[in-house]
Amino acid sequence: MTKHIFVTGGVVSSLGKGLTSASIGMLLESRGLSVRMQKLDPYLNVNLGMMSPAQHGEVYVLDDGSETDLDLGHYERFTQSRLTRDSSWTTGKIYSKLLKKESQGAYFGQTVQVIPHVTNEIKECIRRLASDDTDVVITEIGGTVGDIESLPFLEAIRQFSLEVGKENCLYIHLTLVPYLKAARELKTKPTQHSVGNLRQIGIQPDFVVCRTEQTLSEDDARKIALFCNVPFECVIEERDAQSSIYEVPMTLLEHRLDSLIVQKLGLKCNQADLTEWQEILNRLRNPSQEVTIAVVGNYTRLKDAYKSIYEALDHGGVANHAQVRFRRIQSDSIDREDVQRTLEGADGILVAGGFGEDGIEGLISAVKIARERQIPFLGICLGMQCAAIEYARNVLNMPEVGSTEFDRHCETPLVCLMDEERKAAGEEVTRLGSKPTVLIPGTKIAGIYGATDIAERYRHRYELNNAYREQLENGGMVVAATNADGKLIEALELPSHPWFIAVQYHPQFKSRPVAPHPLFVDFIKAALAQSDGAKRG
């Protein structure tokens with residue numbers, strides 16, 4: 001029978017429930033267990049793709065086109081768990097499903113209530129991931145215990161253990177143990193209150209994982225165990241990672257969390273084998289060189305807005321035994337007169353994706369600097385569109401080109417909605433999820449992948465206009481990839497440049513610490529060569 005682990009959080013938000021859940025999943029997989037992962041969020045939003053990256057962080061896209069919370073990115077980077085639209089549920093999605101059933105008469109005129117109807121829908125979402133070939137389902141509950149919007153989810157997981165048996169599920173509660181500098185001591189009272197709130201709901205945590213800046217003393221751990229009604233060995237310290245988030249699994253392993261979980265759930269499995277993971281950490285902690293990458297985008301003020309890009313760059317660094325230092329540049333803060341100073345010293349420039357017209361000229365200016373100064377350049381989604389616009393304006397002498405996304409009445413739309421081409425390709429107007437992509441033989445990008453037929457994840461509406469494709473190619477810019485029938489442009493490169501590649505898709509979503517994406521590996525390699533050349537110069 002599939003076992004279930006529920007991860008909740010308390011005291012404050014942004015403690016790292018997603019990272020903790022992903023780390024637990026990774027540890028269990030390292031023992032040979034099959035794991036599925038899921039996040040239940042209290043937001044009323046139905047379409048997470050509409051949430052602003054500047055407020056909530058990046059929208060993470062799955063193979064099936066689901067737009068999800070960024071924590072699912074942690075799940076994929078840490079585990080082999082197969083994620084689908086059933087891996088991400090919000091209050092809005094739950095209520096939409098329930099109200100649709102009510103309108104179809106599924107409740108036969110009953111009064112539809114939070115209990116049992118909403119909680120039953122939540123439990124059904126959890127059950128969907130259980131199967132004969134799944135050993136453990138890990139379900140993270142978003143929000144913080146005590147929030148009114150989280151209550152239906154907590155009630156649902158309380159009921160769940162009664163239905164499947166306490167021996168088949170357990171609860172892990174992540175809390176903050178703050179350090180007061182004035183008193184020079186850790187304070188356990190917030191954790192006691194948080195667990196108290198959870199117990200009032202009817203949930204007794206099996207483990208209390210304590211996020212802390214300082215080492216949790218034995219006395220503090222025993223106090224938490226006593227007042228939270230958990231065994232001493234089930235109070236788990238989770239110190240802030242010193243150099244990388246990829247240290248978190250090793251911290252939990254050190255405190256035997258995986259062994260205790262296996263014991264409590266009666267799972268039969270091997271000992272954890274983290275040899276490969278340890279090698280990644282060794283490379284992160286002992287880089288032989290470093291490189292500076294300027295990430296230019298619309299949302300760089302919030303670090304999590306481009307979370308997967310930063311992680312993918314780090315993966316590329318690990319593959320090259322290098323530490324990657326980031327220079328985050330908000331595109332709307334770039335003035336044309338000081339763009340050179342802003343990007344001075346960057347060994348590589350990445351122009352990220354985004355929506356809307358804010359900061360577009362800043363993105364285009366960054367592309368121009370990368371092209372003219374021969375700095376390795378990687379453009380992603382909007383970054384590819386800006387690369388094409390910059391080249392057309394400044395090399396092909398087409399100063400009037402633009403995008404209908406920014407100017408609806410643009411008379412020379414190099415970028416526009418290509419609905420007819422999409423319909424001909426059998427696709428929706430908005431392209432989401434994994435799509436087959438054909439790399440042109442002999443191009444740099446095909447050499448990097450070592451293949452011509454690949455699949456990458458997309459999230460966009462606007463495309464390069466095929467009406468100008470011939471002008472771009474005659475002017476020296478190579479169309480390096482297309483969709484399956486060749487009607488949509490998916491990648492561009494400049495043969496006259498040491499390393500200039502721009503792609504319409506989002507390669508960062510498929511990069512893993514143990515399997516870094518080839519584009520990021522080669523981009524960092526080129527940036528390191530640029531750095532060496534600058535030093536020699």
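The residues of the chain are indexed from 1 along the displayed sequence.
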Looking at Leu19, is its backbone amide N or carbonyl O close enough to the side chain of Ser23 to form a donor-acceptor pair, meaning the two atoms are under 3.5 Å apart? yes
For the residue pair His517 and Tyr449, categorise the inter-ring angle as parallel (less than 30°), tilted (30 to 60°) or perpendicular (more than 60°). perpendicular
Nearest 0.5 angstrom please: Leu396 CG to Gln471 CD, how far? 7.5 Å
pair His74-Tyr60: side-chain heavy atoms closer than 4.5 Å: no
Got a donor-acceptor contact below 3.5 angstrom from the His497 side chain to the Ala370 backbone? yes
Arg327 vs Thr292, side-chain contact (heavy atoms from CB on, under 4.5 Å): CA-CA, chis, key distance, verdict: CA-CA 7 Å; Arg327 186 181 300 174; Thr292 299; 4.2 Å; yes
On a heavy-atom basis, which atom in Gly143 and which in Ser150 lie closest, and how many Å separate them? CA-OG, 4.1 Å
Sequence neighbours left out, what pairs pass salt bridge (Lys or Arg N to Asp or Glu O under 4.0 Å) with at least one residue falling in residues 508-529? Glu76-Arg512
Assess, by modelled atom type and distance only, whether the side chains of Ser403 and Gln385 contain a donor and an acceptor separated by less than 3.5 Å. no
Using side-chain heavy atoms (C-beta onward) and a distance below 4.5 Å, is Val296 in contact with Thr342? no
Please determine whether side-chain contact (heavy atoms from CB on, under 4.5 Å) holds for the pair Gln504 and Ile489, giving the CA-CA distance in whole Å, both sets of side-chain angles, and the decisive distance to 0.1 Å. CA-CA 8 Å; Gln504 185 63 69; Ile489 299 171; over 6 Å; no
Test Lys487 against Thr482 for side-chain contact (heavy atoms from CB on, under 4.5 Å), laying out the working first. CA-CA 7 Å; Lys487 292 185 177 180; Thr482 67; over 6 Å; no
Nearest-0.5 Å distance that lies between atom OG1 in Thr437 and atom CD1 in Ile454: 5.0 Å
Hey, does Tyr306 have a side-chain heavy atom less than 4.5 Å from the side chain of Arg328? no
Can you confirm whether Phe523 sits close enough to Leu313 that some side-chain heavy atom of one is under 4.5 Å from a side-chain heavy atom of the other? yes
CD (Glu470) with more than 12 external heavy atoms under 6.0 Å: no
What are the two closest non-hydrogen atoms of Gly49 and Val59, and how far apart are they? CA-CG1, 4.1 Å
Scanning both residues in full, the closest heavy-atom pair of Ala346 with Ala294 reads CB-CB, 3.9 Å
Regarding Thr412 and Tyr468, do their side chains bring together a donor and an acceptor under 3.5 Å, going by distance alone? no
Distance check, rounded to the nearest 0.5 Å: Asp332 atom CG versus Leu363 atom CG? 9.0 Å
Just by distance, no angles: are the side chains of Thr20 and Arg211 close enough, under 3.5 Å, to form a donor-acceptor pair? no
Residues, nucleotides or ligands: over 12 heavy atoms within 6.0 Å of Gln80 CD: no
Determine yes or no for a side-chain-to-main-chain donor-acceptor pair under 3.5 angstrom, with Thr452 supplying the side chain and Pro441 the backbone. no
Look at the side chain of Ser308 and the backbone N and O of Gln508, then say whether any donor-acceptor pair between them is shorter than 3.5 Å. no
Rounded to the nearest 0.5 Å, what separation is found between the CD1 atom of Ile94 and the CG atom of Leu99? 11.5 Å
Any heavy-atom pair between the side chains of Val367 and Tyr391 that's under 4.5 Å? no
Side chain of Asp133, backbone of Ser34: donor and acceptor closer than 3.5 Å? no
Decide side-chain contact (heavy atoms from CB on, under 4.5 Å) for Ile501 and Phe377; before the verdict, give the C-alpha distance in whole Å, the side-chain angles of both, and the deciding distance to 0.1 Å. CA-CA 6 Å; Ile501 293 176; Phe377 169 80; over 6 Å; no
Any carboxylate oxygen within less than 4.0 angstrom of a Lys/Arg side-chain nitrogen, looking at Lys435 and Glu490? no
Say whether Glu238 and Thr251, considering side chains only, have a donor N or O and an acceptor N or O under 3.5 Å apart. no
Is a donor on one side and an acceptor on the other found under 3.5 Å between the side chain of Arg85 and the backbone of Asp64? yes
Beyond-backbone contact of Leu464 with Val479, side-chain heavy atoms, under 4.5 angstrom: no
If you draw a 6.0 Å radius around CZ in Arg82, do more than 12 non-hydrogen atoms from other residues or ligands fall strictly inside? no
Determine, for Glu344 against Arg373, whether the closest basic-nitrogen to carboxylate-oxygen distance falls under 4.0 angstrom. yes
Considering only heavy atoms from C-beta outward, does the side chain of Phe326 approach that of Asp314 to under 4.5 Å? yes
Would you say Arg431's side chain and Tyr458's backbone share a donor-acceptor pair under 3.5 angstrom? no
Closest approach of Leu72 and Leu62, non-hydrogen atoms and distance? CD2-CD1, 4.1 Å
Ignoring hydrogens and geometry beyond distance, is a side-chain donor-acceptor pair present between Glu149 and Thr91 at under 3.5 Å? no
Please find the pair of heavy atoms, one from Ile309 and one from Phe520, that lie closest to each other, and give the distance. O-CE2, 4.4 Å
Passing candidate, salt bridge (Lys or Arg N to Asp or Glu O under 4.0 Å) with Asp86, options Lys39, Arg127, Lys97, Arg128: Arg128
Looking at Thr300 and Ile329, would you say the former's side chain and the latter's main chain have a donor-acceptor pair under 3.5 Å? yes
Close side-chain approach of Met51 to Gln55, heavy-atom, < 4.5 Å: no
Is Arg325 paired with Asp347 through a side-chain N to carboxylate O contact shorter than 4.0 Å? no
Carboxylate-amine/guanidinium contact Glu361 Arg393, below 4.0 Å: yes
Step through the shown structure and confirm whether more than 12 heavy atoms of other residues, nucleotides or ligands are within 6.0 Å of CD on Glu400. yes
Scan side-chain atoms only and decide if Tyr246 and His315 contain a donor-acceptor pair under the 3.5 Å cut-off. yes
Over all atoms of both residues, closest heavy-atom pair of Phe355 and Tyr299: N-OH, 3.1 Å
Answer with yes or no whether the side chains of Asn298 and Ser331 bring together a donor and an acceptor at under 3.5 Å. yes
Does Ser66 use its side chain to pair, donor to acceptor, with the backbone of Thr68 at less than 3.5 Å? no
To the nearest 0.5 Å, what is the distance between CD1 on Ile24 and OG1 on Thr79? 12.0 Å
Is Glu493 reaching over with its side chain to a backbone N or O of Lys444, donor-acceptor style, under 3.5 angstrom? yes
Distance col, row Ser87:OG vs Leu40:CG, nearest 0.5 angstrom, shows 10.0 Å
